[in-house]
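The structure appears right after this line, and notes come after that.
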Amino acid sequence: MPELPEVETVRRGLEAVLLGAQLRRVDQRRPDLRFPFPERFAERLTGRIVGALRRRAKYLIADLDSAESLVMHLGMSGSFRIEQGLSTGPPPSGMSTKDPAHDHVVFELSTGARIIYNDPRRFGFMLLISRQALAAHPLLRSAGVEPLSDEFDGAILAKVFAGKRTSLKAALLDQKLVAGLGNIYVCEALYRAGLSPLRLSTTLVRRNGAPSTRAMRLAHAIREVLEEAIAAGGSSLRDHRTINGGLGYFQHNFRVYGRADNSCARCGGTIKRVTQSGRATFYCGGCQR
DNA sequence: AGTTGCACCTGGCTGC
DNA sequence: TGCAGCCAGGTGCAAC
């Protein structure tokens with residue numbers, strides 16, 4: 001599930017129930033996810049009030065009234081769901097009852113709602129970082145430009161691509177260059193921009209460092225695909241769902257991802273699947289150059 | 001220093 | 001039906 005649009009969708013869903021709420025009880029059900037939980041994790045959270053829920057790159061950041069922030073990453077398979085107080089009996093039809101074996105953290109709120117973090121593969125993690133140290137923390141400090149920020153444009157892309165020896169695919173997946181893109185949205189953005197994922201990233205930079213028109217096209221495509229995905233509630237692959245148990249819809253708008261051997265809607269060419277640095281890349285050999 | 005490949009983990013799907 | 005093998009949204013780190 002979780003690239004930028006999915007994390008943003010989760011943020012919006014959680015914000016609605018979390019903002020201003022007190023964490024009445026925190027149930028940490030195992031010692032670690034990808035990393036060990038922080039020392040006295042539940043204790044440091046219990047009684048705290050959430051003042052803001054932000055996103056930076058693929059991280060969710062909950063600012064607490066204790067001068068610490070809870071930083072969360074969903075990894076590959078992490079998800080949250082919200083249960084309102086009365087959770088006895090069967091769930092409403094159409095809502096998933098995720099397997100409780102992978103419910104690793106349960107936050108009980110003063111409002112009676114429960115927020116449950118589920119993560120089968122346990123590639124996600126949670127950290128507690130003092131707000132003062134937050135900006136300087138390696139995870140956040142090294143994160144690249146936010147693709148939905150005002151400053152994001154072709155010129156920024158040209159700047160971060162300059163001197164790189166890698167393909168566009170690898171460069172866009174590098175969180176230190178552009179924050180929040182993952183395998184799906186990199187494939188989709190490159191398709192929309194008509195650029196081959198195999199192309200060297202430096203070919204989007206003019207000799208004087210200025211962005212080429214390709215760089216501007218790519219910046220536009222990235223912003224567009226992310227905004228559309230967020231508007232659709234993100235993508236729901238496999239069993240991933242939004243906070244309320246509903247599905248995101250953007251997966252129906254994939255134009256190349258997961259569509260190997262289908263024909264391209266733009267040029268009629270055949271969509272290819274290749275492997276780049278160990279990950280599947282989908283693109284149209286006909287119209288992506 | 002910059003890049004690539006592997007490891008981390010579980011579950012779902014495919015094909016024999 | 002059973003099961004081995006492969007694949008998956010991410011990312012840190014070891015190895016070139």
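Worth saying up front: this structure is predicted, and the values here are computed from it rather than measured.
- Residue A/K58 has a polar side-chain atom (N or O) positioned under 4.0 Å from OP1 or OP2 of C/dT11.
- What separates CZ of A/F161 from P of B/dG2 is a distance of 16 Å, to the nearest Å.
- Between A/R273 and the phosphate of C/dA8, there is a side-chain N or O to OP1/OP2 separation shorter than 4.0 Å.
- For the pair A/H102 and B/dG11, the criterion of a side-chain N or O lying under 4.0 Å from OP1 or OP2 is met.
- Interatomic distance, A/Y117 OH to A/D103 CG, rounded to the nearest 0.5 Å: 11.0 Å.
- We find that CZ of A/R30 is positioned 8 Å from P of B/dT10, with the value rounded to whole Å.
- Considering every non-hydrogen atom in both A/A280 and A/C187, the closest pair reads O-SG, 4.4 Å.
- Closest to the side chain of A/Y257, from the set C/dA8, B/dG11, C/dG10, is C/dA8.
- Residue-level contact check: A/G75 touches the backbone only, with heavy atoms under 4.0 Å from sugar-phosphate atoms and none from bases.
- An aromatic stacking contact between A/F123 and the base of B/dC9 is absent, as defined here by ring centres under 5.5 Å apart and ring planes under 30° from parallel.
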Pairs counted only when both distances fall under 3.5 Å, Watson-Crick or G-U: show me the 5' to 3' dot-bracket for DNA chain B, [ ] for pseudoknotted crossings and | for other-strand partners.
.|||||||.|||||||
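- Looking at heavy-atom distances under 4.0 Å, A/L139 makes contact with sugar-phosphate atoms alone, never a base.
- Each of B/dC9, C/dT11, B/dT3 was ranked by its minimum atom distance to the side chain of A/H73; first place goes to C/dT11.
- Put simply, A/R34 has no side-chain N or O that comes within less than 4.0 Å of OP1 or OP2 on B/dA7.
- Closest contact between the side chain of A/K164 and the listed nucleotides C/dG10, B/dT3, B/dT10 involves B/dT3.
- In this structure, A/R279 atom CZ and B/dC8 atom C1' are separated by 14 Å, rounded to whole Å.
- The separation between A/D32 atom CG and B/dT10 atom C1' is 14 Å, rounded to whole Å.
- Look at the P atom in both B/dC6 and C/dC6: the space between them is 14 Å, to the nearest Å.
- Across the protein-nucleic acid pair, A/Y59 atom OH and C/dT11 atom C1' stand 8 Å apart, rounded to whole Å.
- Atom CE in A/M76 sits roughly 13 Å away from atom P in C/dC7 (whole-Å rounding).
- Listed pair A/Q175 / C/dG10 fails the phosphate criterion, with no side-chain N or O lying under 4.0 Å from OP1 or OP2.
- In this structure, A/L226 and A/L181 have side chains that are in contact, with non-hydrogen atoms separated by less than 4.5 Å.
- For A/R121 and A/F125, each mapped to the nucleotide of DNA chain C holding its nearest heavy atom, the one lying further toward the 5' end belongs to A/R121.
- Using a 30° and 60° split on the angle between ring planes, A/F254 and A/Y185 fall in the perpendicular class, above 60°.
- In terms of phosphate contacts, A/R122 brings a side-chain nitrogen or oxygen within less than 4.0 Å of OP1 or OP2 of B/dT10.
- A/F37 and A/F41 have tilted rings, their planes meeting at an angle from 30° to 60° on a 0 to 90° scale.
- With a 6.0 Å cutoff to the six-membered ring centre and a 45° limit on the axis angle, A/R255 does not count as a cation-pi contact of A/F282.
- Inspection of the A/K169 and A/T281 side chains reveals an N or O donor paired with an N or O acceptor under 3.5 Å.
- Using a 4.0 Å cut-off between a side-chain N of Lys or Arg and a carboxylate O of Asp or Glu, A/R121 and A/D119 do not qualify as a salt bridge.
- Atom CZ of A/F35 is separated from atom C1' of B/dA7 by 12 Å (rounded to the nearest Å).
- Comparing the P positions of C/dA14 and B/dC9 gives an interatomic distance of 16 Å, to the nearest angstrom.
- Spacing between atom CD of A/E6 and atom P of C/dG10 amounts to 9 Å, rounded to whole angstrom units.
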